[in-house]
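So you know, we letter chains A, B, ... as the sequences are listed, proteins then strands, and number each from 1.
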2 protein chains.
Amino acid sequence: MLEKISASKSEILDAAAHCFMTLGAEAASIDDIAHHLGSTKGRIYHHFPSKGALLSAVQLRAADFTNRAVEAVIDSSRPALENLEEMSRSHVREVLASLPYHRVILQTYPGTRVKAATEVEHALQSEVRKGQRAHEMLFHDEVARGIAEGSIENRNLTVAVAGLMLILNSPVFWFRPERGASQDFIDTIVRDLTSMAMASLRSTAPAPQPE
Amino acid sequence: MLEKISASKSEILDAAAHCFMTLGAEAASIDDIAHHLGSTKGRIYHHFPSKGALLSAVQLRAADFTNRAVEAVIDSSRPALENLEEMSRSHVREVLASLPYHRVILQTYPGTRVKAATEVEHALQSEVRKGQRAHEMLFHDEVARGIAEGSIENRNLTVAVAGLMLILNSPVFWFRPERGASQDFIDTIVRDLTSMAMASLRSTAPAPQPE
DNA sequence: TCAAAAACATACTCATTAGTCTGTTTTCAG
DNA sequence: CTGAAAACAGACTAATGAGTATGTTTTTGA
């Protein structure tokens, strides 16, 4: 789904993600990104046709990161909750590892339709949504399986999955890697968030005990 | 904490919140907001000194909305979890009721420092954070109390409260009132999100049974 | 009833910034 | 080696949008 990225292109994406994160996707200018690279606009516009395309590329890569990380640990032979726990752990780890990219996604999450949306840009945005939806589907399907199993509380699926993803993505809002990112704290975040996420899903009432 | 707002000023805030929501806080121009009001810039700049001040006013009002709603139902004589459940219910209801305002908050949550930040604007933003922190504190304190009680799982407080707030705010990301906001669906959202939030906090291991 | 202040409208200025165009350097296949 | 294409740099254009300055209307208090 994602074409190969040259080393230079990847460097540009990293810089773009960083600037979008610190300044906001809309406020960050192409010149800001170029300056952060020690280059000029010429370099960026040689690789990307527009700012919108660059933004979409960053968002697409973000979804791709978590997608790969989660898909790698999926094992549908396990019970849904067990599987979801591994998936969640992997997702949170990846978010913490590639934080700037995921910050950008959150910034453009709501239905904020871009003003000057050409046909091409619109298509790119639709592609981004598709990638995000695909990733949510990984969790969506497992939650549905868990509800069928009886191990997960029977709630509105949309509401439940949205809440789950928000828990897993919550570090995006407050995690500051620049201020001391001790491996210990990272482990705490992964453990506690995964624990909270699983607890929020787990069925309370009958609790089928297979022991 | 919040000065009285004239009818006209309130109308401007509503329009601003709406435009910030649909177009994004950065992309929405003062002219856009004025046009949505059927007026011109003059009206807005008569009441607000700058776009940043207008944005801050919207954010401050958002925090004020949920603050009032939650504070009204706090009853610290109850057990922490019971109290938190009522608070959460009230919070979610308020978010759904004044959605545009809360969308704006989420858009500017991350550490995106504005570029042209004058001293005044900076002070306003700091005021906004203070209001948001105050509201989070309401939940923070109750969670701490619950942990002390033993009814809430002993996790990192920052992580736990952040996760909790994200669950409660999650409709901001996907709820579309324009597309059929049946009272029934609203009730479902409030019930399921509150249920998930409480489940994510509840202590799993010893479970002190006071019955 | 009548100033004066509040509440707007309208026409500007000026800075920022996305995108373009042309030139220069680097890479690399043959 | 060489020439052509890729990978940039740097100057320029054009449009958008925040903020201002000066009107005009409406409200209001005495």
Inset, instruction - Could you run through nucleotides 6-24 of chain D and give me one letter per nucleotide, 5' to 3': B if any protein heavy atom sits under 4.0 Å from the base, S if only the sugar-phosphate is that close, - if neither? - result: SBBBS------SBBB----

Legend entry - Single hit among L84(B), V70(B), N83(B) for side chain to side chain contact (heavy atoms under 4.5 Å, CB included) with L138(B):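 Going through L84(B), V70(B), N83(B) one by one, the side chain to side chain contact (heavy atoms under 4.5 Å, CB included) with L138(B) is satisfied by V70(B) alone.
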
Inset, instruction - Measure the distance from CD1 on I44(A) to P on dA18(C) and round it to the nearest whole Å. - result: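 My rounded result for the distance is 10 Å.
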
Legend entry - L54(A) CG to dT17(C) C1', straight-line distance once rounded to whole Å: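 Between C1' of dT17(C) and CG of L54(A): 15 Å.
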
Legend entry - End-to-end axis angle, where each axis spans five pairs of the helix from dT1(C)-dA30(D) to dG30(C)-dC1(D), to 10°: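 The angle separating the two end axes equals 20°.
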
Legend entry - Within 6.0 Å of CZ in R133(A), more than 12 heavy atoms from elsewhere: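 Incorrect, the count does not exceed 12.
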
Inset, instruction - Answer yes when D141(A) and R145(A) have at least one side-chain N-carboxylate O distance shorter than 4.0 Å, and no when they do not. - result: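 A salt bridge is absent here (no side-chain N lies under 4.0 Å from a carboxylate O).
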
Legend entry - Partners passing side chain to side chain contact (heavy atoms under 4.5 Å, CB included) against D32(A) (at least two apart in sequence or in another chain):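 If we apply the side chain to side chain contact (heavy atoms under 4.5 Å, CB included) test to D32(A), skipping adjacent residues, the hits are L23(A), S29(A), K115(B).
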
Legend entry - Side chains of S98(B) and H102(B), donor plus acceptor under 3.5 Å: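 Distance-only check passes for S98(B) and H102(B).
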
Inset, instruction - Tell me yes or no: between the side chains of E121(B) and S50(B), is some donor less than 3.5 Å from an acceptor? - result: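 E121(B) vs S50(B): donor-acceptor pair found between side chains.
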
Inset, instruction - Could you tell me the separation between the CZ atom of F20(B) and the CD atom of Q59(B), rounded to the nearest 0.5 Å? - result: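 Nearest 0.5 Å value for the CZ-CD distance: 8.5 Å.
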
Legend entry - Flag, side chain of K51(A) to backbone of E26(A), donor-acceptor distance under 3.5 Å: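 Yes, because the side chain of K51(A) sits within donor-acceptor range (under 3.5 Å) of the backbone of E26(A).
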
